[in-house]
Amino acid sequence: MYSNAYIFKYATIMVILVAAILSAAAMLLQPLKDKNIKIDKMQGILQSVNIKAEKDSTIPLFNEYIVSELVLDPAGNIISEYTNGEFVKGDVRAFEVDMKQQLYLEEQGEDYQLPLFVGMVPLQRSDVRDTLFVVPLYGKGLWGPLWGDIAVSEDFNEVMGVYFDHKSETPGLGAEINTMPFQQQFYGKKIFDPDGTFVSVEVVKGGAETLSDEMQIHGVDAISGGTITSKGVSQMLKDCLELYVPFAKKQI
Amino acid sequence: MSKEKKDREPLFSIKNRRLLTNPLNKDNPITVQVLGICSALAVTAKLKPSFVMTLSVIFVMAMANVVISLLRNGVPPRIRIIVQLVVIASLVIIVDQFLKAFVFDVSKQLSVFVGLIITNCIIMGRLEAFAMSNKPWPAFLDGVGNAMGYGWILIVVGFFRELFGSGTLWGYQVVPEGFYNFGYEDNGFFILPPMALILVGIIIWFQRAKNRDLIEES
């Protein structure tokens with residue numbers, strides 16, 4: 001039989017040992033993990049402007065196509081600009097601004113900053129590059145966070161591409177939001193109605209064809225079996241894009 | 001001492017091979033012992049997550065069995081379940097950290113399942129029933145065997161659910177476009193968890209039809 005003292009000693013040593021091993025593993029691997037997370041974020045932004053990047057080619061492609069990073073204040077004024085590897089104005093890179101944190105600040109009624117990426121991407125013809133704005137997105141799904149990027153045209157109205165990802169949505173159901181068939185539906189959709197009122201793009205349960213004719217341009221089909229995730233995508237688009245309306249009004 | 005050495009059984013003796021092969025069929029954790037059903041429902045909507053889950057469980061189960069088997073003489077019985085859980089959870093976290101650092105996209109696939117591996121009752125069951133009272137090598141074989149017994153069911157279920165539910169395998173379209181033009185539709189029911197249960201039921205039916213001795217007398 002083991003004494004209580006032995007059990008306590010055993011448990012204490014075990015816990016300390018395990019804690020040491022786990023923290024060592026976490027700390028030693030941290031730089032590699034950070035690099036992967038950074039590359040993943042870049043890949044998301046590139047994917048929203050329809051550029052597929054492999055792990056090794058991500059950083060050069062990002063530097064080539066994402067020419068400028070802007071940081072906006074709530075009124076839509078540019079407070080920081082980082083172009084071609086150097087600061088033109090201010091000292092904050094949009095890449096370092098976390099959308100999740102800024103949404104939280106906005107909800108608390110505090111001052112917040114908005115990250116915005118400017119891409120120069122050959123969309124129709126390989127020799128002509130179109131200017132695009134890429135807005136990072138962050139929201140809630142059924143089981144965990146959703147995030148992504150949406151690329152819009154120069155007048156901030158037409159959707160040119162999207163990228164969504166999720167932490168833990170159900171495979172085969174909500175997790176379908178990161179597949180091409182779902183994302184392709186967004187191409188060409190409009191964020192503002194003809195009067196210039198903000199509408200966003202809605203993910204519609206039962207299909208976009210159930211909407212009225214003038215709303216068709218603002219709707220895409222939801223995923224059957226993934227209703228809550230689909231609603232999460234709608235809400236995420238609305239919440240994030242709404243903050244950029246002041247800036248968008250200046251572009252039209 | 002020296003006599004014992006002579007009698008040492010070979011690494012793959014019949015008894016040891018049984019440890020590896022029994023869980024694949026007659027002692028299958030899912031279809032015979034009906035353990036680990038919850039994760040079998042959750043991850044099998046697609047083939048790829050089923051496969052990733054299988055690999056992770058093989059690794060964690062084999063390692064946890066070996067570690068617990070090495071510790072078995074010192075573990076105080078009153079806190080043995082806690083010790084087992086600590087071992088499983090640490091292994092899973094270490095695996096997750098390595099995946100995040102070296103194969104980030106696989107780790108994105110796995111993220112949902114990390115928690116599920118820790119709570120997988122098959123792992124706990126094997127630690128408690130086998131590793132606590134056996135030497136490391138048999139414990140290792142037992143871990144690999146049971147994880148594979150669990151894994152092949154997952155892969156079979158995942159195969160049929162993805163094929164009929166989404167018309168794809170491993171993410172690639174396999175049902176030809178032409179079929180859809182003739183009115184073929186993917187069966188959404190296959191995507192939903194109940195279908196996993198029905199498929200597991202069908203596997204159990206087949207297995208018992210083949211092995212009459214598995215049928216309980218009532």
Side-chain angles (χ1 to χ4, degrees), chain A residues 1-41 43-44 54-55 58 142-145 165-176 178-181 223-226, chain B residues 41-50 52-53 67 71 74-80 82-83 85-87 89-105 107-116 158 161-162 165-166 168 171 173 186 188-193 195-196:
Chain A
M1 228 16 240
Y2 295 95
S3 66
N4 283 348
Y6 177 85
I7 294 177
F8 273 109
K9 249 186 275 172
Y10 192 96
T12 315
I13 293 173
M14 176 183 73
V15 170
I16 293 173
L17 206 68
V18 166
I21 295 173
L22 291 185
S23 4
M27 272 159 59
L28 288 176
L29 298 170
Q30 197 60 44
L32 286 166
K33 282 187 288 179
D34 287 344
K35 193 176 161 227
N36 284 332
I37 290 167
K38 198 174 139 193
I39 287 180
D40 192 59
K41 191 174 172 183
Q43 277 177 337
E54 295 301 320
K55 199 181 167 196
T58 304
L142 172 59
W143 306 112
D165 210 345
H166 62 91
K167 184 166 171 63
S168 41
E169 300 310 298
T170 322
L173 302 174
E176 295 292 295
N178 66 8
T179 58
M180 277 324 271
I223 296 159
S224 31
Chain B
L41 303 189
V43 304
T44 52
K46 290 273 162 83
L47 189 55
K48 197 170 175 188
S50 318
V52 175
M53 181 69 168
V67 172
L71 294 177
V75 179
R78 268 187 280 170
I79 59 163
R80 65 181 194 286
I82 301 172
V83 176
L85 262 184
V86 168
V87 169
S90 324
L91 280 170
V92 170
I93 293 168
I94 289 176
V95 171
D96 187 47
Q97 294 285 327
F98 270 88
L99 292 177
K100 274 208 182 96
F102 297 107
V103 269
F104 192 73
D105 36 332
S107 122
K108 273 170 94 182
Q109 288 273 330
L110 194 76
S111 63
V112 199
F113 314 128
V114 172
L116 286 171
R161 283 182 74 188
E162 185 171 353
S166 316
T168 57
Q173 191 69 36
D186 289 329
F189 188 46
F190 270 83
I191 295 285
L192 299 172
M195 199 60 213

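None of these values were measured; they are calculated from a predicted model.
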Quick check on A:Met180: does its CE atom have over 12 non-hydrogen neighbours (other residues, nucleotides or ligands) under 6.0 Å away? yes
Does any heavy atom of chain A fall under 4.5 Å from the side chain of B:Arg161, the backbone, both, or neither of them? neither
Per-residue contacts, residues 28-38 of chain A versus chain B, heavy atoms under 4.5 Å: A:Leu29, A:Leu32, A:Lys33, A:Asn36, A:Ile37
Over 12 non-hydrogen atoms of neighbours within 6.0 angstrom of CD in B:Gln173: yes
Answer yes or no: does atom OH of A:Tyr6 have more than 12 heavy-atom neighbours from other residues, nucleotides or ligands under 6.0 Å? yes
So which of B:Val86, B:Ile93, B:Val43, B:Ile94 has the largest heavy-atom pair count under 4.5 angstrom toward chain A? B:Val86
Compare all side-chain heavy atoms of A:Met14 with those of B:Ile79 and state whether any distance is below 4.5 angstrom. no
To the nearest 0.5 angstrom, please state how far the CD1 atom of A:Ile7 sits from the CD1 atom of B:Ile82. 9.5 Å
Where do A:Asn4 and B:Arg78 land on the side-chain contact (heavy atoms from CB on, under 4.5 Å) test, with the steps shown first? CA-CA 10 Å; A:Asn4 283 348; B:Arg78 268 187 280 170; 3.3 Å; yes
Interface residue of largest heavy-atom contact number with chain A, from B:Pro77, B:Ser166, B:Gly165, B:Ala89, under 4.5 Å: B:Pro77
Closest heavy-atom pair and its distance - B:Gly74, A:Tyr10: O-CE1, 3.3 Å
Contacting moiety of B:Phe190, where chain A heavy atoms sit under 4.5 Å: neither
Applying side chain to side chain donor-acceptor pair (under 3.5 Å), name anything that partners B:Ser90, two or more places apart in sequence or on another chain. none
Below 4.5 Å, heavy-atom pairs only: which of A:Ala175, A:Ala26, A:Gly225 has the largest tally toward chain B? A:Ala26
Between B:Val75 and A:Tyr2, is there a side-chain heavy-atom distance shorter than 4.5 Å? no
Need one label for B:Val87: side chain, backbone, both or neither, based on atoms under 4.5 Å from any heavy atom in chain A. neither
